[in-house]
Novice: 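The structure that follows is given in the form of structure tokens.
Just so you know, ligand 1 is whichever comes first in the structure, and atom 1 is the first atom listed for that ligand. Predicted, not measured: the structure shown is a model, and the values here were computed from it. Computed over heavy atoms, backbone and side chain alike; hydrogens, waters and symmetry mates excluded.
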Amino acid sequence: MMKLAEAQWMGLLDRSGTRPMLREDGSLELYESEAEFRASLSGWAARERFGIGFRHIEGEDLAGLQPGLSPRFVKGTFVPGWKTVADPKLLGKAVWAYAQSKGARFEMARIDRVAADQDGAVLTLADGTTRQAGRLVVAAGAWSHLLARQLGDRIPLETERGYNTTLPSSAFDVKRQLIFSGHGFVITPLDTGLRVGGAVELGGIERPPNFNRSKALLRKARQFLPGLDASGGREWMGFRPSLPDSVPVIGKAPGAPSVVYAFGHGHLGLTQAAATGRLIRELVLGQDASVDLAPFSPQRF
Ligand SMILES: Cc1cc2nc3c(=O)[nH]c(=O)nc-3n(C[C@H](O)[C@H](O)[C@H](O)COP(=O)(O)OP(=O)(O)OC[C@H]3O[C@@H](n4cnc5c(N)ncnc54)[C@H](O)[C@@H]3O)c2cc1C
């Protein structure tokens with residue numbers, strides 16, 4: 001899936017003219033002790049088996065890749081091939097504009113009811129009107145299981161809520177994505193600001209955000225980059241749609257072959273979006289799938 005993800009994104013970035021929004025300056029994972037570094041090694045060995053290049057560094061090399069880091073970080077791992085994007089929202093909008101140029105249409109409405117059979121689906125919108133579809137793709141993120149249940153499928157979708165704060169770009173000169181695995185967050189330089197984000201909160205889809213979590217990450221960021229100006233930030237909370245085995249659901253609804261499910265991408269929804277798009281297309285057109293779809297089956301639970 002991850003190989004397909006990379007290939008599909010590269011193709012989509014080229015076709016949609018959004019390649020300049022891809023950043024290829026790598027990532028730097030940081031450790032506060034030899035013990036933490038050693039504990040990471042089995043994970044790096046696994047990545048090596050999948051052909052991912054990396055370099056463990058320390059001392060001047062570490063300071064060179066990210067000047068201004070707190071001395072508490074004694075080692076790091078640089079992954080030169082790690083890719084990030086200039087701004088996920090702007091990339092999403094640009095890809096959507098490309099889809100529109102190909103004939104896609106957007107209608108914003110809440111779907112209250114969904115019903116389907118062999119031949120198609122009927123959607124009932126919140127305003128009471130209906131829409132008929134020959135094929136339906138349910139890709140409603142953390143809310144998808146509510147629609148799937150109406151089609152007779154019980155899928156144990158949960159949400160891992162995450163938080164971030166986007167600071168002005170002038171907050172600190174961060175050279176590439178910094179990953180603090182021991183603390184569960186990252187600092188990412190975007191074209192539109194410096195994003196300090198992560199955290200996992202099992203808080204469901206109803207409760208209001210608890211922005212103390214964003215503030216806690218920001219406090220840590222100030223310790224890790226002592227010169228960081230933490231003022232003027234914009235806080236955000238989002239819903240990662242997650243399944244118990246951390247693998248998305250991609251496949252036909254068991255009781256309604258006109259419906260395709262595509263949700264539950266958890267922490268990797270942006271990364272896997274183009275691959276999932278391709279798999280949806282193959283399912284809808286009845287083509288052979290690019291990867292074995294068995295692990296993604298909606299019936300695996
Ligand atoms: C803090 C944070 C950091 C993240 N970082 C990364 C990262 O670095 N890389 C990465 O790959 N991923 C990352 N993710 C994960 C990624 O954001 C998600 O996996 C992705 O957004 C899921 O996309 P989706 O289209 O499935 O769902 P969503 O983006 O949630 O879209 C679903 C849409 O369906 C709509 N909807 C739901 N129900 C209905 C209904 N009944 N009627 C009408 N509309 C409906 C919702 O309003 C929503 O607009 C991160 C997430 C968070 C929270």
Novice: Non-hydrogen atoms of Gly266 versus ligand 1: any pair closer than 4.0 Å?
Specialist: yes
Novice: When you measure from atom 22 (C) of ligand 1 to each heavy atom in Gly162, Ser214, Pro241, Gly141, which option holds the nearest one?
Specialist: Pro241
Novice: May I ask you to check whether Leu270 has an N/O atom sitting below 3.5 Å from an N/O atom of ligand 1?
Specialist: yes
Novice: Can you tell which part of His267 has a heavy atom less than 4.0 Å from ligand 1: side chain, backbone, both or neither?
Specialist: backbone
Novice: Looking only at protein heavy atoms, identify the closest one to atom 39 (C) of ligand 1 and say how far it is in Å.
Specialist: Ala140 CB, 4.2 Å
Novice: Using non-hydrogen atoms of the residue, decide whether Phe263 is closer than 4.0 angstrom to ligand 1.
Specialist: no
Novice: Find out whether the Lys NZ or Arg CZ of Lys75 is both under 6.0 angstrom from the six-membered ring centre of Phe37 and within 45° of the ring's axis.
Specialist: yes
Novice: Return yes or no for this condition: an N or O of Arg110 is under 3.5 Å from an N or O of ligand 1.
Specialist: no
Novice: Does atom 5 (N) of ligand 1 have a protein non-hydrogen atom under 4.0 Å from it?
Specialist: no
Novice: Can you tell me how the ring of His56 sits relative to the ring of Phe54, calling it parallel under 30°, perpendicular over 60° and tilted otherwise?
Specialist: tilted
Novice: For the CD atom of Gln223 and the CZ atom of Arg219, what is their distance to the nearest 0.5 Å?
Specialist: 9.0 Å
Novice: Distance from Ser242 atom OG to Glu158 atom CD, nearest 0.5 Å?
Specialist: 8.5 Å
Novice: With a 4.0 Å cut-off, would you call Arg300 and Asp245 a salt bridge?
Specialist: yes
Novice: Using a distance threshold of 4.0 Å (strictly less than), state whether atom 15 (C) of ligand 1 has a protein heavy-atom neighbour.
Specialist: yes
Novice: Which protein non-hydrogen atom lies closest to atom 40 (C) of ligand 1, naming both residue and atom, and how far is it?
Specialist: Ile111 N, 3.7 Å
Novice: Quick one: do Asp61 and Arg55 make a salt bridge, cutoff under 4.0 Å?
Specialist: no
Novice: Measuring from atom CG of Leu228 to atom CG of Asp173, what distance do you get when rounded to the nearest 0.5 angstrom?
Specialist: 11.5 Å
Novice: In Å and rounded to the nearest 0.5 Å, what is the NZ to OG1 distance from Lys89 to Thr166?
Specialist: 10.5 Å
Novice: Give me the nearest non-hydrogen protein atom to atom 38 (N) of ligand 1 as residue plus atom name, then the distance to 0.1 Å.
Specialist: Trp143 CB, 3.4 Å
Novice: Right, does atom 8 (O) of ligand 1 have protein non-hydrogen atoms nearer than 4.0 Å?
Specialist: no
Novice: Any luck finding a side-chain donor-acceptor pair between Ser40 and Glu29 under 3.5 Å?
Specialist: no
Novice: Quick one: look up the protein heavy atom nearest atom 20 (C) of ligand 1 and list residue, atom name and how far away it is.
Specialist: Gly269 CA, 3.9 Å
Novice: Which protein heavy atom lies closest to atom 25 (O) of ligand 1, and at what distance to 0.1 Å?
Specialist: Ala139 O, 4.5 Å
Novice: Among all protein heavy atoms in this structure, tell me which lies nearest to atom 50 (C) of ligand 1, with the distance rounded to 0.1 Å.
Specialist: Arg240 NE, 4.0 Å
Novice: Report yes or no: does Gly264 have a heavy atom closer than 4.0 Å to ligand 1?
Specialist: no
Novice: Checking contacts here: is it the side chain or the backbone of Ala109 that comes within 4.0 Å of ligand 1, counting heavy atoms only? Could be both or neither.
Specialist: backbone
Novice: Give the ring-plane orientation class for Phe73 versus Phe224, where under 30° counts as parallel, over 60° as perpendicular and anything between as tilted.
Specialist: perpendicular
Novice: Considering all protein heavy atoms, does one lie under 4.0 Å from atom 47 (O) of ligand 1?
Specialist: no
